[in-house]
Amino acid sequence: MKLTPLQQTVIRLNKTLPSNETEIVRWAVDKTRPRIATRHRNGVTVCFSCGNTMVYTGKDRFARCCECGHTVEIIEDDDWLATKRMICYYFASLEVVEGLQVMRTYEVIFRYNAINRLKGYLVREICRHWITADGRWAVTSLRRFIGRLMPCSKKMKLRKGDTEIEDYLANNAIVIDNGNLLPELSMALGSKRKLIKGNALTIIRNTLEPDYSII
């Protein structure tokens with residue numbers, strides 16, 4: 001399949017785009033570290049933020065720890081063990097590269113030990129969405145196998161077909177505040193706070209898409 005001019009440009013830029021891993025890792029650990037609490041079948045709930053043990057029998061997904069005051073996400077102990085004591089989050093940075101809006105999506109995985117102390121974390125960039133001011137776009141991402149991004153993959157490849165997985169991850173990412181926007185996008189949005197988790201990529205695409213109804 002013949003590459004479009006945009007795809008050719010993206011392939012060139014994708015190879016030379018500098019890594020911002022150090023800055024991203026620092027932000028990820030500081031801002032996305034989860035506040036969670038595991039609840040046993042008898043209602044005994046342990047807050048990971050302070051180690052406090054309390055009895056919580058409510059049905060809400062989030063509750064306030066009576067010791068440290070943090071709002072924690074309640075996770076049932078059986079579900080916690082099924083995830084092998086791991087929590088995964090997605091976040092994204094925004095950059096402008098040669099007139100293209102680039103949304104770089106990252107995955108951060110927090111691992112805990114048997115006594116629920118943070119054991120380690122992994123941060124990796126998984127995909128990039130390259131969007132023009134007139135709404136055209138291309139995607140580069142890690143290698144996929146049977147619909148999943150391979151954990152050992154490191155190089156970004158141009159996606160010529162379906163990008164449903166990459167789109168889903170970018171949409172559900174937390175957008176970092178200190179990013180750069182295209183003038184067209186900045187003027188239309190007004191604030192990056194409008195790029196809410198669950199719809200971030202879609203908002204960018206819809207904002208930059210030409211309004212053919214007025215032509």
Smallest separation among heavy atoms of [X] and [Y], with atom names:
{"X": "Leu201", "Y": "Ile131", "answer": "CD1-CD1, 4.0 Å"}
{"X": "Leu81", "Y": "Arg85", "answer": "CD2-NH2, 3.6 Å"}
{"X": "Gln7", "Y": "Leu158", "answer": "CB-CD2, 3.9 Å"}
{"X": "Ala138", "Y": "Val10", "answer": "CB-CG2, 3.9 Å"}
{"X": "Glu166", "Y": "Ser141", "answer": "OE2-OG, 2.7 Å"}
{"X": "Gly51", "Y": "Val46", "answer": "O-CG1, 4.3 Å"}

To the nearest 0.5 Å, tell me how far [X] [atom1] sits from [Y] [atom2].
{"X": "Asn52", "Y": "Met54", "atom1": "CG", "atom2": "CE", "result": "6.5 Å"}
{"X": "Ile11", "Y": "Trp130", "atom1": "CD1", "atom2": "CH2", "result": "11.0 Å"}
{"X": "Met86", "Y": "Leu122", "atom1": "CE", "atom2": "CG", "result": "10.0 Å"}
{"X": "Leu189", "Y": "Glu184", "atom1": "CG", "atom2": "CD", "result": "11.5 Å"}
{"X": "Lys15", "Y": "Met156", "atom1": "NZ", "atom2": "CE", "result": "15.0 Å"}
{"X": "Thr140", "Y": "Arg104", "atom1": "OG1", "atom2": "CZ", "result": "9.0 Å"}

Please set out all donor-acceptor pairs under 3.5 angstrom arising from side-chain atoms of residues 58-70, sequence neighbours excluded.
unit_1: Arg61; atom_1: NE; unit_2: Glu73; atom_2: OE2; d: 3.0
unit_1: Arg61; atom_1: NH2; unit_2: Glu73; atom_2: OE2; d: 2.8
unit_1: Arg64; atom_1: NH1; unit_2: Gly69; atom_2: O; d: 2.6
unit_1: His70; atom_1: ND1; unit_2: Arg35; atom_2: NH1; d: 3.2

Inset, instruction - State yes or no: do Ile176 and Tyr121 share one hydrophobic cluster built from I, L, V, M, F, W and Y residues joined by side-chain heavy-atom distances below 4.5 Å, directly or via other members? - result: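 Yes, it is one cluster - the side chains of Ile176 and Tyr121 are joined through contacts under 4.5 Å.
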Would a 4.5 Å heavy-atom cut-off, applied to side chains only, mark [X] and [Y] as touching?
{"X": "Arg128", "Y": "Leu17", "value": "yes"}
{"X": "Leu118", "Y": "Phe48", "value": "no"}
{"X": "Gln101", "Y": "Val96", "value": "yes"}
{"X": "Leu195", "Y": "Ile204", "value": "yes"}
{"X": "Leu169", "Y": "Glu107", "value": "no"}
{"X": "Trp137", "Y": "Thr163", "value": "yes"}
{"X": "Ile196", "Y": "Ile203", "value": "yes"}
{"X": "Lys119", "Y": "Tyr112", "value": "no"}

Inset, instruction - Would you sort out whether Tyr90 and Ile126 count as a side-chain contact (heavy atoms from CB on, under 4.5 Å), showing the intermediate values? - result: CA-CA 10 Å; Tyr90 298 96; Ile126 54 179; 3.7 Å; yes
Legend entry - Working for side-chain contact (heavy atoms from CB on, under 4.5 Å), residues Val72 and Ile36: CA-CA 5 Å; Val72 293; Ile36 56 180; 5.6 Å; no
Inset, instruction - Could you check Arg124 against Leu142 for side-chain contact (heavy atoms from CB on, under 4.5 Å), going step by step and ending with a plain yes or no? - result: CA-CA 10 Å; Arg124 64 170 184 160; Leu142 298 180; 3.4 Å; yes
Inset, instruction - Look only at the side chain of Thr45 and the backbone of Gly43, and say whether a donor-acceptor pair between them is shorter than 3.5 Å. - result: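 Yes; judged by distance alone, with no hydrogens or angles, the pair exists.
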Legend entry - Asp79 side chain vs Ile75 backbone, donor-acceptor pair below 3.5 Å: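 The answer is no, because no donor-acceptor pair under 3.5 Å joins these two groups.
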Legend entry - Exceeds 12 heavy-atom contacts within 6.0 angstrom, atom OH of Tyr56: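 Check passes, neighbour count above 12.
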Inset, instruction - Can you label the angle between the Phe110 ring and the Tyr89 ring as parallel, tilted or perpendicular, going by 30° and 60°? - result: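 If you compare the ring of Phe110 with that of Tyr89, the planes turn out perpendicular.
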Inset, instruction - Carefully, step by step, assess Leu3 and Lys160 under the rule side-chain contact (heavy atoms from CB on, under 4.5 Å). - result: CA-CA 9 Å; Leu3 296 177; Lys160 300 179 183 178; 3.7 Å; yes
Legend entry - Partner of Thr132 under side chain to side chain contact (heavy atoms under 4.5 Å, CB included), chosen from Leu182, Leu208, Leu100: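 Answer after filtering Leu182, Leu208, Leu100: Leu100.
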